[in-house]
Amino acid sequence: MNQVLRWKSGFRFYSIKYAGKESIKYTSTINLPRTKFPTRLAQKARIEIERNLIESKIASCYQYQEERHQGAAFILHDGPPYANGDLHMGHAVNKILKDITIRSHVIRGHKVHYIPGWDCHGLPIELKAMAAANAGTKSMKDPVIIRKKSRQFALDAIERQKNQFRSWGVLANWNNKSKVYLTFNSNFIVKQLNLFLDLYEKGLVYRDLKPVYWSPSSKTALAEAELEYDANFVSPSLYVRFRLTNFPNAIAKESFKNIFALIWTTTPWTLPSNQAICYNSNLMYALVKLESDNNQIHEKDENRYLIAQSLLEDFQKTTNKICVVEQLIQGHELKNCTYQHPVFLEQQSLPFFDAAHVQEFKGTGLVHTAPAHGLDDFIICTKNSISIRSIINEEGIYDDGAPSYLKGKTVLDDGNELVMKNLKKDIVFASTLTHSYPIDWRTKKPVIIRASQQWFINTAALKDRAVEEIDKIVVYPRVNAEASKKSLKAQVMKRPYWCISRQRAWGVPIPVLYEKTSGKVLLNKKLLQHICDLTIKEDNIDFWWSQSMEKLLPPFLLNEFNVKASDVTKGADIFDIWFDSGSTWSQVLENQQAADLYLEGCDQFTGWFQSSLLLSIAARNCTPYKALFIHGFAVDENGHKMSKSLGNIISPKDISAKYGVDSLRWWVAAHGTQHMAINVSHQLVQQSAESLGKIRAILRYLNGSIEDKSLKSSNMLTTTAESYLNRFLLSQLYNFEKEVFSLYDCCEYNRVIACIQNFVTNQISANYIHLIKDRFYCGTTKEIENIRFTLKQCYTLLCKALWPIAPLLVEESWSYFDDSKSFYEDKFQAEPTWKDESVEEVMEKALELKRALNQQTKSKNSWLLSLQVKCGESTLNLLKRLHPSLNTSLTESELCEILQVNSVNLQSLTT
């Protein structure tokens, strides 16, 4: 059959002839790959092999590299997981991403420094320990017993979590206690206590009465990062009137009976704690008469009300009342106004304060101010020398300073109702508001803002320096780097102060003594050193609660402070767990100033990233990290947070049992780096398992084809006499290794997977293995040796690229090739001499010709083709390196092998 076939890129096929078929089989005489590496594994066999590989290969890897690899170590500082329960998919994402990062350095011969740790203190552990030990018993009121139960609970959780981390193949020196940090270890506590003293002496730590987030259900202060938000919380919504006792001068007092300032609140329980009203001097206020049926206000038309002019429309729409404006008043004219307290009626001269936080977006432009229950309130009252009055105790109950009808009542339950009942005549309008409200992240109950004596870090002195350091760090993924830096800086700058004290038993004690009468703080280096000695020498982390005052304050310290032991009391506060975890750099970095990388979820902008940064700035005036890798959260296939109540939890333990550890790791790499919502589903993990199955098949082929593990680089020189296919794959291998580890260095693990899959599918399978089969199976000894050399380089470098993500698959495959050592013990690297752009140019033109031929011949057997090709001079010069004779049909040339045809007649287009 003669036919002219045209192709748009310029190749012209003149006269394609089909030869006859031969049916003789030569299976018994050809060189086929041979290996015992199985194509697939049954679940039971796979689980057993994974367990054996982890014990025999993976367990010793960290110590191996630590002892043998040279140079400065790459430091990845492990943000401590919480020692509280079993692991979830979020843990899997975080720990496996860390392990991939570490392995990508180990496999290149770099030394790594990775010390896993646990956050061991805090309320969640204490609550669970108490619940497990019957918290209602009298013994569980004893702090020492609470601490003993909490410590055991944490130790049990750590052991379970450690075993699960190991089962995922995570590299660490798990059995060496000095290579794992726990925040309740004596040496850790000593470093933390010394850090506290250092900050105290620098004036960066102080004790004060301030409003903080307070959990009545937990009876302790909470940090912002310990809050969750209930989007459907229902609060009362009230407009309440406060009677003015001193009017603005511009108002004619004889025209009406009373003037009231209108305020809006969703926390009626705070009204007894009111100490001022705030206004904004830049706003315009209106004096209005209310014209509507009002069942709560008895004096019709005889009273007037102050409200911001810009908020009149919103007020009328909300209350369905008509406001008749009688007079406009400039905000600054409210300066000397006073009013009567709505609850304590004897107080008739409470002040108005000008405040920038008063805005015209919601409410009335006049803000009820209770400094014990609001940050802005506290700041403005402190600025104006108003002493703070708090009438609510640690359980969220009104104390003896409250009105009689509130004493002993809880603020969020009885308090709201009772205040509203007793202020009924002054409530202009009442309804409810559904809004987002902070709740305790552990008890899931609402919190309040409550002033109490706490220890604080002066973040105002640290913010500017912290922002300077943030500008210097590298952020991964790079695509979100600027947005991430901006977010972290914003979180740092808006933080008002950091409350570092908590009122519980399970934690590191704040090592401060107080004079009973004056409340004076007793703390210095000698006292702290004595406390540290008690901790270390006696290995007693409960010393603060178990030791007597005489032992805590021996005679030489009594003389130092000039006090008697009977006149001194111990502080009852422990450190916030964010102070614990934020100081872990002091335990891990050793002599290094900063870790190369912190890798955590995006929630740590308000948590560990920030606490570590601020403490490091305070203590050392530098950041503890050079780079941040920020990942998202695991959610179900519909984007919903996983929870027991929704029944959508997928356990990593179940995933690894069903699909394999490497399938779990492959899913993390494929999905964990590019999206803030990381979808988890059996379908996605199944896809990961199928992708690994294809990788396994190619490793099996390569493993079986190499045969001789002693092949060295000297066995084959990449000279011009060698096959272009071999030289092309070696050149591509050099490119592949360079690209894949460049992606590892940028933490773009999803692109690493895409790169590997593309290389396996196109370069290894479709181009090389498919095209050299005839020569490999039936060629000369020299040809087979050269192909084996090329396949070995392909095998080892593919294993090197895969090992950070799928180490168990690589180690299993390698054991069938060289069972004398683990894969990571050898060092494999593409040789720069393999890179040959001229070979790539020739092969790319030949493959372009092959694609053109495939388009023309479709599904016909190409080996039956006798091909005549005419092409331009530049293309001809490239192709003739593969097919040296022109104008003659050859059946044996590398171009015939590449095109998979019977013969080729290569001619110039001008012939």
Side-chain angles (χ1 to χ4, degrees), residues 40-41 43 46-47 49-50 53-54 58 81 86-104 164-171 476-477 599-602 629-642 648-699 740 743-744 747-758 760-761 798 801-812:
R40 61 183 62 84
L41 294 170
Q43 183 179 16
R46 175 182 47 72
I47 292 173
I49 286 173
E50 287 176 347
L53 285 170
I54 287 169
I58 304 300
D86 293 325
L87 302 178
H88 51 66
M89 290 302 286
H91 289 109
V93 169
N94 181 260
K95 218 66 170 187
I96 290 172
L97 286 177
K98 288 174 180 174
D99 192 58
I100 292 171
T101 304
I102 291 167
R103 286 175 177 275
S104 72
Q164 289 179 71
F165 289 145
R166 293 185 66 181
S167 74
W168 299 341
V170 176
L171 294 186
Y476 304 106
L599 190 163
E600 301 298 331
C602 55
F629 180 171
I630 301 152
H631 64 78
F633 294 96
V635 296
D636 70 11
E637 57 190 330
N638 298 313
H640 297 144
K641 182 180 178 181
M642 293 187 181
N648 63 347
I649 289 177
I650 298 178
S651 163
K653 190 174 182 180
D654 294 340
I655 289 289
S656 58
K658 184 174 182 179
Y659 302 102
V661 170
D662 280 343
S663 295
L664 173 65
R665 294 175 63 97
W666 191 270
W667 167 80
V668 170
H671 301 279
T673 60
Q674 71 272 39
H675 302 297
M676 285 299 101
I678 307 169
N679 292 104
V680 187
S681 69
H682 285 281
Q683 181 181 3
L684 287 174
V685 183
Q686 176 67 42
Q687 290 172 5
S688 295
E690 291 169 358
S691 296
L692 275 175
K694 294 175 183 177
I695 298 289
R696 184 184 185 91
I698 204 71
L699 289 178
V740 82
L743 292 171
Y744 272 122
C747 304
E748 296 182 24
Y749 303 143
N750 57 313
R751 293 184 62 194
V752 169
I753 281 184
C755 183
I756 291 172
Q757 289 177 315
N758 178 63
V760 167
T761 302
L798 177 58
L802 283 167
W803 190 78
I805 297 173
L808 300 183
L809 173 60
V810 170
E811 293 293 355
E812 181 195 356

Item to complete: Output, in order, the C-alpha distance, side-chain angles, deciding distance and verdict of side-chain contact (heavy atoms from CB on, under 4.5 Å) for I58 and W168.
Response: CA-CA 10 Å; I58 304 300; W168 299 341; over 6 Å; no
Please set out all donor-acceptor pairs under 3.5 angstrom arising from side-chain atoms of residues 92-101, sequence neighbours excluded.
residue, atom, partner, partner atom, Å
N94, OD1, K98, NZ, 2.9
N94, ND2, L599, O, 3.2
N94, ND2, E600, OE1, 3.2
N94, ND2, H631, NE2, 3.0
K95, NZ, D78, OD1, 3.2
K95, NZ, D78, OD2, 2.8
K95, NZ, Y114, OH, 3.4
K98, NZ, D78, OD1, 2.5
K98, NZ, E600, OE2, 2.8
D99, OD1, L171, N, 2.7
D99, OD2, R103, NE, 2.7
D99, OD2, R665, NH1, 2.9
D99, OD2, R665, NH2, 2.8
T101, OG1, L97, O, 2.8
T101, OG1, Y749, OH, 2.6

Can you give me every donor-acceptor pair (side chain of residues 652-659, partner residue at least two apart or in another chain, under 3.5 Å) with its distance?
residue, atom, partner, partner atom, Å
S656, OG, P652, O, 3.1
S656, OG, K653, O, 3.1
Y659, OH, H682, ND1, 3.1

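Residues K694 and E690 fail the side-chain proximity criterion, which asks for heavy atoms closer than 4.5 Å. Here the side chains of E812 and L808 are not in contact, with every heavy-atom distance at 4.5 Å or above. Side chains of V685 and I650 form no contact here, defined as non-hydrogen atoms less than 4.5 Å apart. Counting heavy atoms from C-beta on, the side chains of I102 and V170 never come closer than 4.5 Å. The shortest distance between side-chain heavy atoms of W667 and I678 falls below 4.5 Å.
Rounding to the nearest 0.5 angstrom, the gap separating the CG atom in L87 from the CD atom in Q164 is 4.0 Å. Between the CD1 atom in I47 and the OG atom in S167 there is a gap of 11.0 Å [rounded to 0.5 Å]. A distance of 13.5 Å separates CZ of R46 from CZ of R40, quoted to the nearest 0.5 Å. In this structure, L802 CG and L699 CG are separated by 6.0 Å, a value rounded to the nearest 0.5 Å. Here the SG atom belonging to C602 is positioned 5.0 Å from the CE atom belonging to M676, to the nearest 0.5 angstrom. Rounded to the nearest 0.5 angstrom, C755 SG and E748 CD are separated by 11.5 Å.
Here the closest heavy-atom approach between residue D662 and residue A806 is recorded as OD1-CA, 3.4 Å. The shortest non-hydrogen separation linking A634 to M89 is CB-CB, 3.9 Å. Heavy atoms only, all atoms of each residue included: A670 and N750 are closest at O-CB, 3.5 Å. The two residues S663 and L692 make their nearest non-hydrogen contact at N-CD1, 3.5 Å.
Taking H88 as the reference, H91 meet the side-chain contact (heavy atoms from CB on, under 4.5 Å) condition, with sequence neighbours excluded. Here E811 pairs with nothing under the salt bridge (charged side-chain N to carboxylate O under 4.0 Å, His left out) rule; sequence neighbours left out. Not counting sequence neighbours, W666 has no partner by the ring-ring contact (aromatic ring centres under 6.0 Å, His included) test. For N758, the side-chain contact (heavy atoms from CB on, under 4.5 Å) partners two or more places apart in sequence, or in a different chain, are N762.
Enclosure of atom CZ in R696 by more than 12 non-hydrogen atoms of other residues, nucleotides or ligands within 6.0 angstrom is indicated.
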